[in-house]
Amino acid sequence: MEPIRKIGVITGGGDCSGLNAVINGLTKTAINTYGLEVIGYRRGYSGLLRDDYQVLDLDAVSGIMHEGGTILKTSNKDNLFHYPYAKDEEGGFLYKDVSDQALENMRRNQVDALIVIGGDGTLTSARDFNRKGIPVIGVPKTIDNDLPETDVTFGYNTSLSTITDALDKIHTTAYSHDRIMVVEVMGRNTGWLAIEGGIAGGADVILIPEIPYDLDRIVEKVKERDELGKQFAIVVVSEGAKEKDGDVTVREIVKDSADTVRLGGVGDVLTRNLQARIENHEVRYTNLSYLQRGGIASQFDRVIGMRFGVAAVDLLMRGERGRMVRCRGREISDVALETVIGDGKTGETSRGGRKFVDAQGQLVRAAKAIGISFGD
Ligand code: F6P
């Protein structure tokens, strides 16, 4: 096994809080504990292809742990194994595998191993680079908390705080104006942000992808609250939620991305449908959108991010490859990247497994026990 003297780092996919805590943890460990050199590629995998990087020394990572976003910048495009290089006559993309170019750049820079920080798309390419021979360790990032094999991803906790804070504020208008306030949150096809943010923020109705909803049930819940003298309601809807027998609401198709479908707008549709059935309240809509991705990292995300970074370097130096650090209970351990995102064909753009909210599980049952409706 080749000795590791220099590590490359990439942050890929949507930004979130805690990315800089990971960079801080891994860089300090690499330098202080193992005497390694560290460079950070800019804008995710595109930095590997363009050979665009910056040196990460102790100065570069000083004072960044709490900062949102990533000092390395990021991109949720640039699958180098299926890279859009030109347009065809119909405006679609032509693709080719440019991963060898990226490997060549790493060799020239004497980079011996990669630490890749990202969600399922980014970690799929991490698996594929590991298969090509460069040792790779993945770090699980996403506000959606939808990666399997880890209890949590960093970024999720800060987003939950933002959602909770927003719901606390939205209560003011809901109560004062006797309104039904629909609040859309992110999460792609899973309802973690909606359910945990909704419970913490006092939502009356929470709509998640795992439990298709029925408009009649939501209207009933509003009436029930009217009868109790509570003439307002907060409805939290996950961007991936859908009506029974309905489909998700697509905001945009991003053709040159590995994950082409961007969800969004279900809250708007729901608001209009509810207003058509509810006469005695105004129904208003707020989409929390990118507010959920930004801002100062919570204490939890700083610590878990830092611990993930430290563990990623320790793993590499123990000779492990193709693994992802993860959190089980309060302990950091690791798992094969192939177990997390599947062992599919190199370069494939389809997504691996996902961690869903259990529609019959404890969390949903607890929420129902305190009177929250899921529209089912
Ligand atoms: O995966 C993180 C996430 O913020 C999702 O919750 C959301 O659906 C998506 O990214 C938005 O992506 P984009 O930045 O391309 O709009």
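Worth knowing before you read on, the calculation uses all heavy atoms, side chains too, and leaves out hydrogens, waters and symmetry mates. Each ligand, and each atom within it, is numbered from 1 in the order the structure gives.
- In this structure a side-chain-to-backbone donor-acceptor pair under 3.5 Å is missing from Asn109 to Val111.
- The backbone N or O of Asn76 lies less than 3.5 Å from a partner atom in the side chain of Ser257, making a donor-acceptor pair.
- At a heavy-atom distance under 4.0 Å, no atom of Val254 approaches ligand 1.
- Looking at Lys141, Gln292, Glu239, Arg262, it is Arg262 that brings a heavy atom closest to atom 12 (O) of ligand 1.
- For ligand 1, the atoms closer than 4.0 angstrom to any heavy atom of Arg188 are 5 (C), 8 (O).
- Proximity to Arg251 (heavy-atom distance under 4.0 Å) selects the following atoms of ligand 1: 11 (C), 16 (O).
- Closest to atom 3 (C) of ligand 1, if we only count protein heavy atoms, is Arg293 NH1, 3.5 Å.
- Proximity of a side-chain donor or acceptor of Glu239 to a complementary backbone N or O of Gly187 within less than 3.5 Å is detected.
- For atom 2 (C) of ligand 1, the candidate residues are Asp259, Asp144, Thr74; the nearest heavy-atom contact is made by Asp144.
- Side-chain atoms of Arg225 come within 3.5 Å of backbone N or O of Phe232 as a donor-acceptor pair.
- Ring geometry, Tyr45 versus Phe129: the interplanar angle falls under 30°, so the pair is classed parallel (tilted spans 30 to 60°).
- Against a heavy-atom cut-off of under 4.0 Å, Ile143 is close to the following atoms of ligand 1: 4 (O).
- Between the Asp343 side chain and the Glu338 main chain, no donor and acceptor come within less than 3.5 Å of each other.
- Within the 4.0 Å heavy-atom shell around ligand 1 one finds Gly187.
- By the criterion of a heavy-atom distance under 4.0 Å, neither the backbone nor the side chain of Lys77 is placed next to ligand 1.
- Neither the backbone nor the side chain of Leu193 has any atom closer than 4.0 Å to an atom of ligand 1 (non-hydrogen atoms only).
- Its side chain outside the 4.5 Å cluster rule for every partner, Phe356 clusters with none of the Ile, Leu, Val, Met, Phe, Trp and Tyr residues.
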Worksheet item: Can Glu149 and Lys355 be said to form a side-chain contact (heavy atoms from CB on, under 4.5 Å), step by step?
Response: CA-CA 8 Å; Glu149 301 293 331; Lys355 183 177 65 191; over 6 Å; no
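- Closest to atom 16 (O) of ligand 1 among all protein heavy atoms lies Tyr290 OH, 2.4 Å.
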